[in-house]
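Accompanying notes for the structure given below.
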2 protein chains.
Amino acid sequence: MESSSATAGVSTRREATRQKLYEAAVTLIAEQGFSATTVDEIAERAGVAKGTVYYNFASKSVLFEELLRHGVGLLTASLREAAEATARAGGGKVDALDAMIRAGLVFIDRYPAFTQLYVAELWRTNRAWQSTLMVVRQQAVAVVEGVLREGVENGEFSDEIDVPLTASALVGMVLVAALDWQSFQPERSLDDVHAALSRLLQGRVSGRNG
Amino acid sequence: MESSSATAGVSTRREATRQKLYEAAVTLIAEQGFSATTVDEIAERAGVAKGTVYYNFASKSVLFEELLRHGVGLLTASLREAAEATARAGGGKVDALDAMIRAGLVFIDRYPAFTQLYVAELWRTNRAWQSTLMVVRQQAVAVVEGVLREGVENGEFSDEIDVPLTASALVGMVLVAALDWQSFQPERSLDDVHAALSRLLQGRVSGRNG
DNA sequence: CTTTTTGAACTGACTGGTCAGTGCAAAAAC
DNA sequence: GTTTTTGCACTGACCAGTCAGTTCAAAAAG
């Protein structure tokens with residue numbers, strides 16, 4: 001009987017198909033938006049039949065929700081890793097923040113379509129996947145907030161800073177700068193962009209010339 | 001009743017209808033996105049007949065494009081006014097930046113739906129109104145870049161800063177912080193949010209406790 | 001009289017979701 | 001070793017519903 005076998009509980013074949021669908025969906029939805037993207041398009045770009053989409057996902061919305069979870073999971077892991085690496089290396093919280101800025105830039109550089117799609121959907125209201133979006137947002141922002149809070153506790157940051165708001169502002173700074181970089185100055189290097197944001201973070205904007 | 005005649009060539013009556021359609025469209029599109037919003041919905045929310053929409057705008061896309069121009073025009077004027085007011089008051093470029101942050105917050109506070117909609121569309125590609133979006137974006141960002149450039153010239157800012165990127169980052173900082181404020185902490189005051197962003201701008205994040 | 005709005009009917013293209021059927025590799029039977 | 005069975009994964013034509021845009025006679029507004 002049992003034919004599925006496979007090493008894990010999930011067949012590798014199916015997982016590969018889902019991955020192809022994620023990749024197709026992410027670029028199409030980033031370009032056109034969720035509603036303007038048809039299931040037929042996603043299937044065609046992924047090189048599978050339309051029925052396969054519905055074999056693997058309950059609906060178009062569910063495909064999108066799982067895509068969101070998948071992508072933000074990668075980002076969150078990357079941010080956390082960056083923060084922990086600086087901690088292991090004995091760096092301070094400013095270094096951790098700086099490393100997370102870089103991790104954010106690397107992520108956006110690697111998955112620009114996902115980032116576009118995420119930004120485009122995050123602040124909408126009355127959408128089916130609203131709760132999913134809130135959860136994954138919180139996971140990512142919490143990493144930044146955590147570092148800020150620890151920095152306040154150990155005296156590295158002023159205890160007058162507003163942790164949630166500052167975290168949002170930092171995320172926004174990286175997000176918008178990176179998206180503009182991708183869209184309007186794609187020829188620039190990541191290091192270049194990182195340096196500009198580092199300068200801003202450390203308040204080295206004001207100051208004398210040359 | 002109404003003193004029609006109108007100073008310009010456009011009748012006030014027609015202009016009022018268009019205004020109602022803008023307001024209806026902006027909230028619906030902010031919530032649902034452009035594609036998911038129907039012309040019937042827009043007409044219903046505006047309290048006019050569907051035919052009126054097409055009497056006033058050539059198409060759904062044209063309505064949206066004119067809405068974008070209208071909204072960003074308001075923002076740009078507001079930013080410029082803020083910068084000029086500080087200049088008249090003899091303030092420096094840091095003060096101008098700070099005033100513009102406040103102007104941005106006021107705008108987002110007053111027109112949250114427009115802001116959501118704008119962010120959701122800005123980084124998309126292959127859309128009909130792409131060029132419109134680029135133009136209006138540049139108008140708004142140019143005001144920030146102008147202040148930064150003047151600050152570099154008069155020595156108030158380091159000449160090592162990257163003007164376009166820093167401008168993007170500042171816009172992003174305000175944008176994301178404000179949207180998060182609206183979405184997740186609407187009870188907080190504008191002054192409160194402004195203070196937190198001011199602190200970040202002036203690099204007063206690092207530093208000793210209380 | 002002219003401009004603007006109404007509102008309902010209509011069209012033609014498009015879309016999310018369905019479902020009966022196919023292909024195939026591993027397991028079971030012989 | 002060969003034949004048969006099993007059921008997962010996939011297919012793609014099809015359907016019922018939706019939507020942008022059109023049309024137009026009539027009425028309200030000015």
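A, B, ... follow the sequence lines: proteins, then strands. Residue 1 opens every chain. Here the structure is a predicted model, which means the values were calculated and not measured.
One can place CZ of Phe57(B) at 16 Å from P of dA20(D), the figure rounded to the nearest angstrom. One atom, CZ of Arg18(A), and another, P of dC10(D), lie 10 Å apart when rounded to the nearest Å. Atom-to-atom, CD of Glu15(B) to C1' of dT5(C) comes out at 16 Å; the value is rounded to the nearest Å. A straight line from CD of Glu44(A) to P of dC14(C) spans 14 Å, rounded to a whole angstrom. As a whole-Å value, the separation of Leu63(A) CG from dG16(C) P is 11 Å. To the nearest angstrom, C1' of dA25(C) lies 17 Å from CZ of Arg14(A). Going from atom CD1 of Ile42(A) over to atom C1' of dG17(C) covers 13 Å, rounded to whole Å.
No hydrogens or angles considered: nothing links the side chains of Glu15(B) and Gln19(B) as a donor-acceptor pair under 3.5 Å.
Between Arg13(B) and Thr38(B), the residue anchored nearer the 5' end of DNA chain D, judged by the nucleotide with its closest heavy atom, is Thr38(B).
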Short N/O separations, protein against nucleotides 21-24 of chain D, under 3.5 angstrom:
| unit_1 | atom_1 | unit_2 | atom_2 | d |
| --- | --- | --- | --- | --- |
| dG21(D) | OP2 | Tyr54(B) | OH | 3.0 |
| dG21(D) | OP2 | Lys60(B) | N | 3.0 |
| dG21(D) | N7 | Lys50(B) | NZ | 2.9 |
| dG21(D) | O6 | Lys50(B) | NZ | 2.9 |

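For the side-chain contact (heavy atoms from CB on, under 4.5 Å) test, residues two or more places apart in sequence or in another chain that qualify with Gln182(A) are Ile108(A), Asp109(A), Pro112(A). By the side-chain contact (heavy atoms from CB on, under 4.5 Å) test, Glu150(A) pairs with Lys93(A), sequence neighbours left out. In terms of the side chain to side chain donor-acceptor pair (under 3.5 Å) criterion, residue partners of Thr37(B) (sequence neighbours excluded) are, by chain and number, Gln32(B). Not counting sequence neighbours, the partners of Thr132(B) by the side chain to side chain donor-acceptor pair (under 3.5 Å) test are Glu65(B).
Nearest heavy atoms, Phe114(A) versus Leu68(A): CZ-O, 3.8 Å.
Of the side-chain N and O atoms in Thr17(B), none sit less than 4.0 angstrom from OP1 or OP2 of dT4(C). Put simply, Tyr55(A) has a side-chain N or O that comes within less than 4.0 Å of OP1 or OP2 on dA9(D). Between Asn56(A) and dC10(D) there is a side-chain N or O to OP1 or OP2 distance below 4.0 Å.
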Quick one: side chains of residues 169-181 of chain A, donor-acceptor pairs under 3.5 Å with protein atoms, not counting sequence neighbours, listed by atom name and distance.
| unit_1 | atom_1 | unit_2 | atom_2 | d |
| --- | --- | --- | --- | --- |
| Asp180(A) | OD1 | Trp123(B) | NE1 | 2.9 |
| Asp180(A) | OD2 | Arg137(B) | NH2 | 2.6 |
| Asp180(A) | OD2 | Ser168(B) | OG | 2.6 |
| Trp181(A) | NE1 | Arg188(A) | O | 3.0 |

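Among the protein residues, Thr52(B) comes within range of the nucleic acid bases, having at least one heavy atom under 4.0 Å from a base atom.
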